Amino acid sequence: MSITRSAIVIGGGIAGPVAALALGQAGIEATVYEAYDTTADGVGGTLSIAPNGLDALAAVGLAGVVEELGSPITSMVMRNGKGRRLATLGSPAGLPAQRLLWRPDLYRALRDATASRGVRVEYGRRLTAVDQDADGVTAVFADGTTARAAVLVGADGIRSRVRSLLDPAAPAPRYVGLLGFGARLGPGPVDASRIGTTGSEMHFVFGRRAFFGYVLDEDGSGGWFANLPRAASTTAAETRATDPAGWLKLLRETFAGDGLRMDDLIARTDPADLISVGGMEDLPTVPVWHRGRAVLIGDAAHATSPSSGQGASLALESAVELARCLRDLPHQEAFAGYESLRRARVEKIIKMGERTNSDKAAGPVARVLRDLMMPVAMRLMNPESFSWPMRHHIDWDAPVAGAAVSVQAPARAG
């Protein structure tokens, strides 16, 4: 039986609802508080859930949810802008295929799951302060309301308010030098002599001037994303405020010089369907993951660049591992144990994402060297050097041992 009885979860994206479900499974009543006034229906592009993310979902009774929504990706194909295959990475032996899906579909599925298990989600509750004492923690919201529980979980993303309240000196998100765009495609014409269908493969193209990823079904439906190198970042709001037709024109021009005609897919995109992410970001090491009765999970603690392909899966892992720790230990020991289980793993994967970002923004000389060396490196590489992140397994039933605790006095932050 859990020592902790109740939890406030700040953030209703991916990590927050799964944390609430996992906490409920651990015997802890959790309520999710989301800053936005409405659900995220229709918001966001593609994401992949790797086998380790599927494993984390299965640990809390959500096996099959993503499988029903997403398309299996059995291999990832690396190509240069001329269309030449540089390397193919198949699914690691013994693991299920990763799933490619659209964020709105995942948000909807998680919302349905929380509703079916009686987890309350409250919208329009923007956190302004956290007040802690010996008996519990109080969240203070911008509308003047409050909520109180035994612990508070910050699952509020890369610009986490909880993170800044726990540590005013916490690092800010770091721009990785790339702007992100994407779109979903309906059925349409396919000219295989220019750019062909992909089946269950995901194709990643290191173009002459930018990076492009896509999937394309036989009927021409699918989706694409592009990472455009740019010295100065823009926010998602600033990017969306620019005429989407202008961004599509720039993207078509960026890829027009490549032999593999990615610009065909861009040309098929309705400006109204363009997804503008803005500057892609990650987080350098976050020194403080928890203080007193409050703790961070997901992108609030360990945001990795989308280039890693692991952001959502790592968030799912952390949500489940935190619940296991709170199930078995007092909150201070639980938070320390959770951090000891997670920090080294996630920071290693963040470093992997950094290396991928540098390949995406390679200059002329680096491009030539990459195209020459990647096929050789892939032939010589131990498959486990890229598959190890996907082999992470969470044994929900295994008891969690206590960890060394560094007690930090709870304090009001606002």
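Every value quoted in this text rests on a predicted model; they were computed, and no experiment measured them. Hydrogens, waters and symmetry mates are skipped; everything else that's a heavy atom, side chains included, is used.
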query: Does any non-hydrogen side-chain atom of Ile297 lie less than 4.5 Å from one of Arg342?
result: no

message: With a 6.0 Å cut-off (strictly less than), is the heavy-atom count around CD of Gln25, excluding the residue itself, greater than 12?
response: yes

query: Under 3.5 Å, side chain of Thr128 to main-chain N/O of Val140, donor-acceptor pair present?
result: yes

query: Any idea how Tyr214 and His203 line up, ring-wise: parallel (<30°), tilted (30 to 60°), or perpendicular (>60°)?
result: tilted

With Trp102 via ring pair (Phe, Tyr, Trp, His ring centres under 6.0 Å) - residues at least two apart: none

message: Closer than 3.5 angstrom, by distance alone: can the side chain of Asp328 be matched with the main-chain N or O of Val400 as a donor-acceptor pair?
response: yes

message: Donor-acceptor pair, distance only, cut-off 3.5 Å: does the side chain of Asn227 make one with the backbone of Phe211?
response: no

- request: Provide the closest heavy-atom pair for Pro287 versus Pro171 in the form atom of the first, atom of the second, distance.
  value: CD-CD, 3.7 Å

field: Side-chain donor or acceptor of Arg268 paired with backbone N/O of Gly220 under 3.5 Å
entry: yes

query: Are Glu347 and His302 close enough, and set up right, to give a side-chain hydrogen bond (donor to acceptor under 3.5 Å, both in side chains), and what steps lead you there?
result: CA-CA 7 Å; Glu347 292 188 352; His302 51 71; over 6 Å; no

message: Would you say the rings of Trp289 and Tyr338 are close, in the sense that their centroids are separated by under 6.0 Å?
response: yes

message: Tell me if a side-chain donor or acceptor on Ser160 pairs with a main-chain N or O of Asp156 at a distance below 3.5 Å.
response: no

- request: Please lay out, stage by stage, how Trp224 and Thr46 fare under the test side-chain hydrogen bond (donor to acceptor under 3.5 Å, both in side chains).
  value: CA-CA 9 Å; Trp224 61 267; Thr46 59; over 6 Å; no

